[in-house]
Protein chains: 2
Amino acid sequence: MRISQLSHETGVAVATLKFYLREGLLHPGQQTSRTQAMYDESHAERVRLIRALSEAGGLSLARVRQVLDALDDPPTSRHHLLGAAQDALRPEDAHADPEWTAFAREFVDQRGWQIRDDEPLVDLLGEQLHAVLDAGINLADGAPLAAWADAAESIAEADLSTVPDDPAAALRQVVVGTVLTDPVLATLRRLAQQHRSATLFESE
Amino acid sequence: MRISQLSHETGVAVATLKFYLREGLLHPGQQTSRTQAMYDESHAERVRLIRALSEAGGLSLARVRQVLDALDDPPTSRHHLLGAAQDALRPEDAHADPEWTAFAREFVDQRGWQIRDDEPLVDLLGEQLHAVLDAGINLADGAPLAAWADAAESIAEADLSTVPDDPAAALRQVVVGTVLTDPVLATLRRLAQQHRSATLFESE
DNA sequence: TTTATTGGATAGTGACACTCCCCATTATTG
DNA sequence: CAATAATGGGGAGTGTCACTATCCAATAAA
């Protein structure tokens, strides 16, 4: 198909497709002459993926590029899956405060989670908990944190239980799934809050 | 304290504080003369809240303003808490597709969640699920969705179990807590995935 | 009295994700 | 075969966002 057709199929403006081509987010079509190229289903799929990651997943195009690159270079076994997946989504490490990193590390260890020593997600968790406490939210008794971690464990279990055998497909599912379903979880949380609140505070 | 002191206390540049004042995110200080005003702890707290919501919570300043306005006008009972809290965080409703809204509604109803008929979060959920399925993620057997909802319920329970009696404090905790802990949950999810993956795919 | 700081206002910055326009070349259509 | 349309390539422009810089006259502090 030609670019206008690709635009039609995906609902993305031709100018934007050209932009994606220029930026290397979309692989070039097959040239049929100096001013013409053909695109196929792989292009349409890629465009839909770009839009899903950036719109629904809220990723910047720079991050989308990272994810795409990672997906193009899948691991050889599912054992290396998470490494590859999380490389793709790795946070750019900010100014990690050692004190809070240590706090997060201790929590993770106490949970019995086997996490690499230099895992940047631990720094990130430290920063995030710092922000939460700084904003005056009480986590003192640790109960909510433990409840969240329990919930995270069951979610992770569900995430991994349906992973396909093929490493490339597995990678795609984990990466894209995680990005796109984080917002779903946030929404479910709010809905569940509403439901609980209705029964809990009915009397007031 | 004067503005430079406020800047020092919060780590936010004077120019930025002036910007927040202009934008109405920060309430004016007490004028002591035509070119001087005094700020107090309430200003420092507000500034920290703005930074927490926008940096850690990823909210735009427009959204921060909404949240702040809502916090300044707390409900009278905890029964109206969630309404007020979620008004503050209400998504701007996009182009809701009725088909997907219905799908989301059906899921919510089947769960036995009591959610208002016109709740925009249901539209949002529909859109998000649409995006997930469009991206080729398989939810067909419904298992992951059910697992997420279970997790969301326990999280919501933890969220609401520690809510203070005072409506203003309760509102603050629910709103700020939700905004700031969504990213924490996402991080915990990734860490839990890593832990699970280590044991699950060890042999490969 | 000199120097620094303040509130107030206007304008400028850099990142981001497009969007517009131009051109010389093909393709397509009548 | 001629007129019209579409294409690839590329530069420049747009609008939004969250600041940041600069200027000013008016205090405040040393």
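Chain naming here is simple, since letters A, B, ... match the order of the sequence lines and numbering starts at 1 in each.
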Practice prompt. Could you check whether S54(A) gets within reach of a base, just the sugar-phosphate, or nothing at all, counting any heavy atom under 4.0 Å?
Written response: nothing
Checking D159(A), D182(A), T178(A) against R190(B) for side-chain hydrogen bond (donor to acceptor under 3.5 Å, both in side chains), the one that qualifies is D182(A)
Between atom [atom1] in [X] and atom [atom2] in [N], what is the gap in whole Å?
| X | N | atom1 | atom2 | result |
| --- | --- | --- | --- | --- |
| R63(B) | dT16(D) | CZ | C1' | 16 Å |
| M1(B) | dT5(C) | CE | P | 18 Å |
| L59(B) | dC17(D) | CG | P | 14 Å |
| R34(A) | dG9(D) | CZ | P | 11 Å |
| K18(A) | dG8(D) | NZ | P | 7 Å |
| Q31(A) | dA27(C) | CD | P | 11 Å |
| H43(B) | dG7(C) | NE2 | C1' | 14 Å |
| L17(A) | dA17(C) | CG | P | 16 Å |

Can you tabulate the close N/O pairs, meaning under 3.5 Å, that link protein atoms to atoms of nucleotides 2-6 of chain D?
none

Checklist entry - Can you find a pair of side-chain heavy atoms, one from T101(B) and one from L125(B), that are under 4.5 Å apart? => result no
Contact check, side chains of P167(A) and L81(A), non-hydrogen atoms, under 4.5 Å = no
Any [X] side-chain nitrogen or oxygen under 4.0 Å from OP1 or OP2 of [N]:
| X | N | result |
| --- | --- | --- |
| T16(B) | dT20(D) | yes |
| Y39(B) | dG7(C) | yes |
| Y20(B) | dA18(D) | no |
| S33(A) | dA27(C) | yes |
| R65(A) | dA17(C) | no |

Closest of dA18(D), dA12(D), dA9(C) to the R22(A) side chain is dA12(D)
Quick note, F19(B) side chain, CB onward, closest among dT19(C), dA18(D), dG7(C) is dA18(D)
Residue set satisfying side-chain contact (heavy atoms from CB on, under 4.5 Å) with A56(B), at least two apart, ordered chain then number -> A131(A), L180(B)
Original post:
So, H43(B) side chain and P28(B) main chain: donor-acceptor pair closer than 3.5 Å or not?
Top reply: yes
| message | Distance alone, cut at 3.5 Å: any donor-acceptor contact between the side chains of S42(A) and H27(A)? | response | yes
Here the gap from R196(A) atom CZ to E157(B) atom CD, rounded to the nearest 0.5 Å, amounts to 3.5 Å
